[in-house]
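Here the structure comes first, spelled out in structure tokens, and everything after it is commentary.
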Amino acid sequence: MSAMEKIATYMDHLVRVRHDLHRHPEIGFEETRTAGIVADLLRGWGYDVHEGIGGTGVVGVLSNGGGRSIGLRADMDALPMDEETDLPFRSVNPGRFHGCGHDGHTTMLLGAARYLAETRGFHGTVNVIFQPAEEGLGGARAMIADGLFDKHPCDEIYAIHNAPHRPKGQVALRTGATMAAADFFDITLTGQGMHAGMPHMGTDPIVAGAALVQALQTIVSRNVSPVDSAVLSVTQLRAGSAYNVVPDQAVISGTIRTLNEAIRAQAQERLRTISEKLAAAFDCTASIDLRDTFSVLDNHADQATVVAGVAADLVGEGNVNTEMEPTLGSEDFADMLKVVPGAYAFVGQDSTGALHNPSYSFDDEIIPLGAGLMAEIVARRCGNG
């Protein structure tokens with residue numbers, strides 16, 4: 001019986017777990033309930049469990065003789081948004097929603113963990129890593145800073161993500177730059193407030209802000225080479241509190257996404273220069289807070305080949321895409337890949353709303369595939385116990 005077939009026999013239990021996690025979502029560094037459920041299940045299956053790594057992270061360690069040490073990682077956090085589905089297990093926590101499927105990722109890794117504990121079909125050590133705060137809060141960096149790989153060394157590490165935009169059952173990945181670096185920015189424009197009926201008596205930061213929103217788009221259209229990839233999106237413009245008052249300040253916030261460090265540095269420099277110079281042209285000042293939030297996710301060639309080979313055995317070569325285009329979305333598993341060689345793959349599911357959309361829903365039917373893929377990677381890399 002294959003790992004997928006064996007894990008399919010756990011489906012009733014795994015679906016109950018997934019639906020419970022979905023019903024009680026927790027955002028980054030608040031995943032205490034989720035982490036407790038994960039830790040209790042791992043202990044019941046015989047794992048040596050370590051809690052509180054990087055805040056609310058959990059690591060389960062299962063050893064079966066000498067050999068390679070393989071890390072398998074899942075993210076646990078939800079998004080700070082409301083759910084707009086009619087699911088019977090929809091979120092009961094206002095402003096909290098598993099709109100990216102991390103409840104499904106956690107469940108798939110639990111399925112793999114149970115299978116590995118029951119079968120012991122490997123010769124080495126498995127570290128199942130349940131990470132908090134993937135959604136822009138630095139959970140991977142927090143776990144690494146807390147000694148994740150010092151306490152639980154890994155020779156290789158792997159992770160997967162559901163993909164409602166890909167054919168169901170397809171496994172997709174690539175070698176090299178796969179997901180973008182992300183810098184988050186807040187630009188505070190300061191002028192001099194005044195009565196809205198007498199704008200000549202002050203300096204209007206909103207007018208400067210409106211011009212700056214447009215000017216920032218020239219970074220991609222006029223500074224980055226057309227053959228390279230970059231995105232700059234302004235996502236917030238905040239100013240004022242009354243109809244008849246021009247405020248002192250306007251704040252522009254957003255993100256820059258790039259796939260290599262040279263373009264990243266160029267975009268950062270241009271954002272600073274354009275903001276400062278344009279603000280001065282409107283007799284305002286600009287204060288810029290530009291933060292390194294995600295690194296470029298680079299898949300390592302050997303480990304990407306491993307994932308592709310295992311996936312082909314599970315779903316057939318025709319359902320494995322090893323030349324997927326990079327995405328300008330970001331993923332903080334990138335920081336783990338900067339420390340340990342590994343690979344990150346996508347598993348296609350039924351399209352039930354886009355990721356980060358209030359109507360999104362994880363497809364339970366891909367649980368055996370995701371769990372089986374992770375379990376079979378361990379068997380492939382560690383051999384038979």
Side-chain angles (χ1 to χ4, degrees), residues 135-136 138 163 165 172 174-192 199 202-240 246-299 323-335 337-338 344 346 354-357:
E135 296 287 359
H165 57 290
R174 63 181 284 112
T175 297
T178 301
M179 300 187 74
D183 297 296
F184 289 179
F185 61 82
D186 295 290
I187 304 166
T188 302
L189 299 172
T190 301
Q192 182 178 344
T203 306
D204 190 342
I206 294 180
V207 174
L212 182 56
V213 170
Q214 296 293 324
L216 290 176
Q217 298 307 312
T218 65
I219 294 173
V220 173
S221 67
R222 290 297 178 266
N223 300 135
V224 175
S225 168
V227 300
D228 291 319
S229 296
V231 169
L232 187 151
S233 292
V234 172
T235 56
Q236 300 178 53
L237 177 56
R238 307 183 300 280
V246 174
D248 286 324
Q249 291 188 333
V251 180
I252 295 170
S253 302
T255 180
I256 307 171
R257 308 288 175 127
T258 51
L259 287 167
N260 72 58
E261 290 301 323
I263 295 173
R264 186 181 197 180
Q266 179 189 34
Q268 291 172 344
E269 186 277 329
R270 291 301 297 152
L271 179 137
R272 293 184 184 279
T273 298
I274 290 171
S275 299
E276 291 169 354
K277 300 295 186 182
L278 188 143
F282 283 85
D283 202 20
C284 294
T285 60
S287 174
I288 301 155
D289 181 15
L290 182 59
R291 304 181 297 283
D292 168 6
T293 306
F294 292 97
S295 303
V296 176
L297 189 149
D298 278 306
N299 274 340
E323 298 181 356
M324 62 165 277
E325 293 184 354
T327 172
L328 273 293
S330 299
E331 160 64 63
D332 77 352
F333 185 64
D335 291 299
L337 291 179
K338 291 171 71 174
Y344 186 84
F346 295 87
L355 298 171
H356 292 218
N357 184 281

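Below, each value reflects all heavy atoms present in this structure, side chains not excepted, and no hydrogens, waters or symmetry copies.
- Using a 4.5 Å heavy-atom threshold, the side chains of Ile274 and Leu212 count as touching.
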Run the side-chain contact (heavy atoms from CB on, under 4.5 Å) check on Leu189 and Ser275 step by step: do they pass?
CA-CA 9 Å; Leu189 299 172; Ser275 299; 5.8 Å; no
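- In this structure the side chain of Phe294 reaches within 4.5 angstrom of the side chain of Phe184, judged on heavy atoms.
- With sequence neighbours left out, the side chain to side chain donor-acceptor pair (under 3.5 Å) criterion links Asp248 to no other residue.
- Atom CZ of Phe333 and atom CG of Asn299 lie 8.0 Å apart (nearest 0.5 Å).
- A distance-only check finds no donor-acceptor pair linking the side chain of Arg238 to the backbone of Val251 [under 3.5 Å].
- Here the shortest heavy-atom pairing between Ser229 and Leu259 reads CB-CD1, 3.8 Å.
- When all heavy atoms of Leu278 and Ala215 are compared, the pair lying nearest together is CD1-CB, 3.7 Å.
- Distance alone, capped at 3.5 Å, places no donor-acceptor pair between the Ser221 side chain and the Ile219 backbone.
- Counting heavy atoms from C-beta outward, Asp204 and Pro199 have side chains that stay 4.5 Å or more apart.
- With rounding to the nearest 0.5 Å, the separation of OG1 in Thr255 from CZ in Phe185 is 7.0 Å.
- Residues Leu271 and Ile187 form a side-chain contact, since some pair of their non-hydrogen atoms from C-beta on lies under 4.5 Å apart.
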Is there a side-chain contact (heavy atoms from CB on, under 4.5 Å) between Leu337 and Asp298? Walk through the geometry before answering.
CA-CA 7 Å; Leu337 291 179; Asp298 278 306; 6.0 Å; no
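- You'll find the side chain of Val220 stays beyond 4.5 Å of the side chain of Val231, heavy atoms only.
- Closest approach of Cys284 to Gly191, counting heavy atoms only: SG-CA, 3.9 Å.
- Note on residues 179-190: pairs passing side-chain hydrogen bond (donor to acceptor under 3.5 Å, both in side chains), not counting sequence neighbours, are Asp183-Arg264, Asp183-Gln268, Asp186-Ser253, Asp186-Arg291, Thr190-Gln249.
- Taking the side chain to side chain contact (heavy atoms under 4.5 Å, CB included) definition, one finds that Lys277 meets it with Thr273, sequence neighbours left out.
- Ala279 approaches Ala286 most closely through the heavy-atom pair CB-CB, 3.8 Å.
- For Ser330, the side chain to side chain donor-acceptor pair (under 3.5 Å) partners two or more places apart in sequence, or in a different chain, are Arg257.
- For Asp228, the side chain to side chain contact (heavy atoms under 4.5 Å, CB included) test picks out Val224, Ser225, Ile263, with sequence neighbours left out.
- Looking at Thr178 and Met324, their side chains come closer than 4.5 Å, going by heavy atoms from C-beta outward.
- Nearest approach of Gly254 to Thr235, heavy atoms of both residues: CA-OG1, 3.5 Å.
- Under a cut-off of 6.0 angstrom, the local environment of CD in Gln236 is crowded, with over 12 non-hydrogen atoms contributed by other residues, nucleotides or ligands.
- With sequence neighbours left out, the ring-ring contact (aromatic ring centres under 6.0 Å, His included) criterion links Phe346 to Tyr344.
- For the atom pair CD1 of Ile252 and CD1 of Ile288, the computed distance is 10.5 Å after rounding to the nearest 0.5 Å.
- Pairing each heavy atom of Ala177 with each of Val296, the nearest pair is CB-CG1, 4.0 Å.
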